[in-house]
Amino acid sequence: MGSLKTEEELLVIGEVSNDAILYVNGVRKVLPDGLAHLTLLEYLRDVGLTGTKLGCGEGGCGACTVMVSYVDQNSKKCVHQAINACLAPLYSVEGMHVITVEGLGNHKFGLHPVQELLARNHGSQCGFCTPGFIMSMYALLRSSKTPPTEEQIEESLGGNLCRCTGYRPILDAFRVFSKTNDLLYTNNSVSSQTDGEFVCPSTGKPCSCGSKTIKKGDICHDYKPVSYNEIDGSSYTNKEIIFPPQLLMRKPSCLSLNGFNGIKWHRPLELKHVLELKSRFPDAKLVVGNTEVGIETRLKKLHYPVFVSVTHVPELNILTINDDGMEIGAAVRLSELQKMLKKVVNERSSHETSSSKAIIEQIKWFAGTQIRNVASVGGNICTASPISDLNPLWMASKAKFKIVDSNGNIRTTLAENFFLGYRKVDLGKNEILYSVLLPWTRRFEYVKEFKQAHRREDDIALVNAGIRVFLEEKDQKWIVSDACVVYGGVAPVSLSAVKTKAYVIGKPWNKEMVENAMEILKQDVVISEDAPGGMVEFRKSLTLSFFFKFFLWVSHQMKGQDFFEEPIPVSHLSAFEPFHRPSVMGSQDYEITKQGTSVGSPEVHMSARLQVTGEAEYTDDTPMPPGGLHAAMILSKKPHARLLSIDDSGARSSPGFAGIFFAKDIPGDNATGPVVEDEEVFASDIVTCVGQVIGVVVADTHENAKLAARKVVIEYEVLPPILSIKDAVNSKSFFPNSDRILSKGDVDLCFESNQCDKIIEGEVHVGGQEHFYLEPQSSFVWTMDGGNEVHMISSTQAPQKHQKYVSHVLGLPMSKVVCKVKRIGGGFGGKETRSAFFAAVAAVPAYILNRPVKLTLDRDVDMMISGQRHSFLGKYKVGFTNEGKVVALDLEIYNNGGNSLDLSQAILERAMYHSDNVYEIPNVRVSGSVCFTNYPSNTAFRGFGGPQGMLVTENWIQRIAMEVKKSPEEIREINFIDNGSILHYGQQIQDCTLHRLWDELKKSCNFLKIRSEVDEFNLHNRWKKRGIAMVPTKFGISFTTKFMNQAGALVQVYTDGTVLVTHGGVEMGQGLHTKVAQIAASAFEIPLSSVFISETSTDKVPNASPTAASASSDMYGAAVLDACNQIKSRMEPIASKKQHTSFKELVNVCYCERIDLSAHGFHIVPDIGFDWTTGKGQPFRYFTYGAAFSEVEIDTLTGDFHTRAADVILDLGFSINPAIDVGQIEGAFVQGMGWVALEELKWGDEAHKWIQPGFLFTSGPGNYKIPSVNDVPFKFKVSLLKDAPNDKAIHSSKAVGEPPFFLASSVFFAIKDAIIAARAESGFHGWFPLDNPATPERIRMACADEFTAPFAKSDFRPKLSV
């Protein structure tokens, strides 16, 4: 036992300061006491810096990224880091300099090169995530001594999510910063610095950011602007904000501050002060990055009254190296540890650093850069998460933990003995973790890390492991002298496989040992059927896979040693060879067909420059006026129940409370709905899903409103719920009149005749998908004229629906309700109808209290209650010939509507229309029904049912291929439709470009060559397999409800020659405003810069259809052109005189001649209509055709996969803006990849009994994984078909938003192709089911082999919420 304290020291508790200072963008801010409850993000947004966005509140999306700079007390150097402002407690950045996106540049005074490049390279679509990407890149540049590599750039963006772009243009934009060899971030080269001083990227002068230690006055005070060009990303134009010299000279002080609800924040400067505080407050939470505690307080609603920040305690931040190993202070950040370990690996003997290498590799996949920059070693250990990535490695590496108590006594314990139970560790109330002692490994001692997650990057483990073995040569055999096998994700704690360890010690390292060890491993790792997390068979199989990989890896390391006789077959090397991801290479191929001044030109998104600077405003950025209130909803906690009583007394006495409202308080009608009014704003008697709105609370702050809502006590009488499509079908739980049928030919006769050589039957389960728009649902409602009018700003695709819902619920005429939308941060269909419901909720208190009310949903609530892409069940019966020609299809499809009809009927209908994809089928019968279930109402999502219908089709196409032993591509090709084909709903195919597209794609991707290369690879690699697929699509363009195919616009020409356009469409990142402005610019033959679109507003253009169905550019473009043509025809008598030299002159002459320079344009889509009584008609104006090729590589032992290549081609006619169209294709493709391979919704249902009934488990980026930078295809090619004008839409263009989405299914079928190769190795050659998403679980379990056999049969179908 040692002691850290003397009696004298115990008397000293240090000076405490309440003087909290923070610099923001170079400006000094004094932080008053009382703000300990605030995060840095809340503070920044409260002071008007709204460029930093709230996307998720759990550090999972990166929208809130800022850069902090501080002087590191160990190195005495200035450190620049990207962090998540949503998790950082405000006082944790005291004494630091925070730079937000506003600090870099703005549209008035110039953009920073990082901003300029992203804007110019089309890297910002909806723009909501953009400031986060800008700040991550900026922080990397500021912290790099040398230009970053492309790999570092991609890694720095791993903690940032984007739902619009598909990431490729972002990577392309930032790649320039790696394009330099010897230059830093200025035009001074390193060699020109005579004394070898480091050149500051901020100033272009020698300074402390680099290797020199800081002396006072060493920081540069003035700016040095330098030139910037596209080739050399190291040259900056703009002035950088320097690190404030005042902070350099300021000594850190102890802090003792307070916050709301009794929170205390302490920041001691010495260990003795920490121990004193721990003695006084035994339950105090020690924090460094707050990355775990922040989530506990926000998502789990835990309350911790005392926080002790240990960031400034030198003893807890040590990183020392000696002959025995490393000592790592408990407060050391993971990014610091990673840096130090890399240094150690470079400097020490290779055999000593086996555990160091394993930890480096594991940290690489641990969260995002922003989290690694603040999360501490000790925090990760003491959280004792059963899926901690590092704890299994500490245990396996024989690490020891030093623990100190409040008296200064130190004890040491083995990591293996530290974890006692679920989130319980061997620490007394008065003890803290002091440091970790990591020993060096010995010669022939090997430590290896393993981890499998849903997504490689920034994801929590499903199962992880740390395995160590020490081999010694005895009697010419290599014997296991010591070992340790530890797994995470298989028990309530990191589990040491003690029986396996006992068995292997003393055994020779050979095949017999590994086979027997894996038998024992099955006894060591026991996971019950209803274990939290599910995926039991998968998790068990991973424990064997990891051990087998370890055996092969160690055997390979030992290769060449005397007496080692365990050679690894070359084909087995694929089991453990490290994967090096190449940089993403994108290519775009299109021709520009200019029409007028602007149409056809690849113009940059009109709002891009505002979006990259954070100046673009979204609903929640609207400043709150005096008296403004925040709303929070009271939600049902049962999937189906009767409301017995509601006690709101707790809410009424809550701080900041201003009002509470239920069904009885609604001034107008409580029933709403886009098609059928079957949804209550506030539930009055029965609740039919978890998350149904029962009432709303308003209070002075968002947090106070949520607190009050949580205090409402509701008593329920539970009723039986329906929680799956199968339940609904069995119970005949369908929405009234939702049955539909389409037919062609005589299906029954065909099946009975001898036309069919073969008939197959099967089921396809199609998973749902969360929209995950980066901007959550948000509405801001206020009254005017004493409540006579209601105005709102909303994040919606359908302002007219907001106007209609709010007027209906308040009992006001629509003429007194105005909804405005500037832009929205992504929608994808999720803000077409559901957003109007939330506007109605917010409107009730705003109208009754006559005060402004803002309702912005937290991400977890948004995901829980706002509906998703419909899951589908398809039951097919298909007849075909021996050649593979399809002759009959009988299909039943069901979609999961949820608890209200919403748009489910139209979505089912579109799925039925598209259930032939691109195939000629003589006899078809498609029937469908919408299922009523006790889930929140599902809703529109990009593709609107079409992708689900087509996925069912491609499943049976692929099955036919296996039956007739041909490739799926051959089956597709021989069944293609062509001009003149009559579809199963009576529409005739015209202008079909499918064959051209398909042939061009085959050439472009070199299909036959790649096929033989893939087969060759698979022949030589047992545990990695590649697969390829080519998939076509046709997507019908129009709203399938006829009256919605209309559009209005208002065009106003001003006397300075500029034009203001207003139309009914909403800008949500898809570039609609840009395309419409291009159409107006070309119509008047003026530059694009002369046209402006401000907002969408119901008082300018009435009765607008939602911005949906991919048809907005067609419709609103045509309406704007109509208005422009009206104005031009009025101007014609004067223009024809040709006496003007400019458009401005012409306008002025017309104005003086009293010519009306304003016009309302209107457009209806002609020649469409469908009659469901006959099942025939022409629902679509035209079709957009496309095809895609994908190549993937899977790890058959873990289910991990990479998309090696994607080649996508679409027929978009003459594109109005090819750059925007390419962006839409890439974004849709990557979003589609998420649907088919990554994103799984897990609901509390029969398949997931470990989740509460009706609850959504995947309600945030922590558990729901959309694609990240790491998931983009390595080679990503997009082509637009050349010379294919479309005479059925404006300027011969075609719609683009939804059609490319389904092409991502080529990734799904490429995965299936790879799995077929893997199964063949184990002797399985028949057809097998694979549901989407093809997650690692589904891939791995389908690759049936000796490691899955103990737990599942070869046709095992993992559970899916459908």
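These figures come from a predicted structure and were not determined experimentally.
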Examine distances only and state if a side-chain atom of Gln1052 and a backbone atom of Leu1060 form a donor-acceptor pair shorter than 3.5 Å. no
Look at the side chain of Asn923 and the backbone N and O of Cys750, then say whether any donor-acceptor pair between them is shorter than 3.5 Å. no
Centre-to-centre under 6.0 Å for His914 and Phe1183, is that the case here? no
Quick test of your reading: applying side-chain hydrogen bond (donor to acceptor under 3.5 Å, both in side chains), list the pairs with at least one residue in residues 1283-1294, sequence neighbours left out, ordered by first then second residue. Gln595-His1291, Gln990-Lys1288, Asp991-Lys1288, Asp1211-Lys1294
Pair Glu677 + Lys804: basic N to acidic O under 4.0 Å: no
So does Pro1106 get a backbone contact from the side chain of Gln797, meaning a donor-acceptor N/O pair under 3.5 Å? no
Across all chains, not counting sequence neighbours, the side-chain contact (heavy atoms from CB on, under 4.5 Å) partners of His995 are Phe976, Asp978
If we count only N and O atoms by modelled type, under 3.5 Å, do the side chains of Ser1158 and Asp1156 hold a donor and an acceptor together? no
Check whether any side-chain N or O of Gln905 sits under 3.5 Å from a backbone N or O of Glu909 as a donor-acceptor pair, and report yes or no. no
Using modelled atom types only, decide if a donor and an acceptor are shared between the side chain of Arg910 and the backbone of Gly1036 within a distance under 3.5 Å. yes
Donor + acceptor pair across side chains of His605, Glu1067 (<3.5 Å): yes
Side chains of Val821 and Thr796, heavy atoms from C-beta outward: is any pair under 4.5 Å? yes
Does NZ in Lys1176 sit with more than 12 non-hydrogen atoms of other residues, nucleotides or ligands closer than 6.0 Å? yes
Donor-acceptor pair, Gln1070 side chain versus Val1066 backbone, under 3.5 Å? yes
Is a side-chain donor or acceptor of Ser1110 paired with a backbone partner of Glu1298 at a separation under 3.5 angstrom? yes
Can Asp1114 and Arg1181 be counted as an ion pair, charged N to O under 4.0 angstrom? no
So which heavy atom on Phe1302 is nearest to which on Pro1032, and how close? CE2-O, 3.9 Å
Less than 6.0 angstrom separating the ring centers of Phe1170 and Tyr913, yes or no? yes
Between Arg834 and Phe837, is NZ or CZ placed under 6.0 angstrom from the six-membered ring centre and within 45° of the ring axis? yes
Who are the side-chain contact (heavy atoms from CB on, under 4.5 Å) partners of Gln769, not counting sequence neighbours? Arg163, Arg869, Phe941, Gln1231, Trp1235, Glu1239, Tyr1264, Phe1301
For Asn896, is there any backbone N or O sitting under 3.5 Å from a side-chain donor or acceptor partner on Asn938? yes
Can you find a side-chain donor-acceptor pair between Ser1097 and Asp1099 that sits under 3.5 Å? yes
No-hydrogen, no-angle side-chain donor-acceptor test under 3.5 Å, His1063 and His1073: yes
Determine whether Glu954 and Arg972 satisfy the following criterion, salt bridge (Lys or Arg N to Asp or Glu O under 4.0 Å), listing intermediate values before the conclusion. CA-CA 9 Å; Glu954 292 301 337; Arg972 291 179 177 119; 2.7 Å; yes
Any luck finding a side-chain donor-acceptor pair between His984 and Ser743 under 3.5 Å? no
With the side chain counted from C-beta on, respond yes when Gln1046 and Met1115 share a heavy-atom pair under 4.5 Å apart, and no when they do not. no
So, does Thr672 use its side chain to make a donor-acceptor pair with the main chain of Tyr805 at under 3.5 Å? no
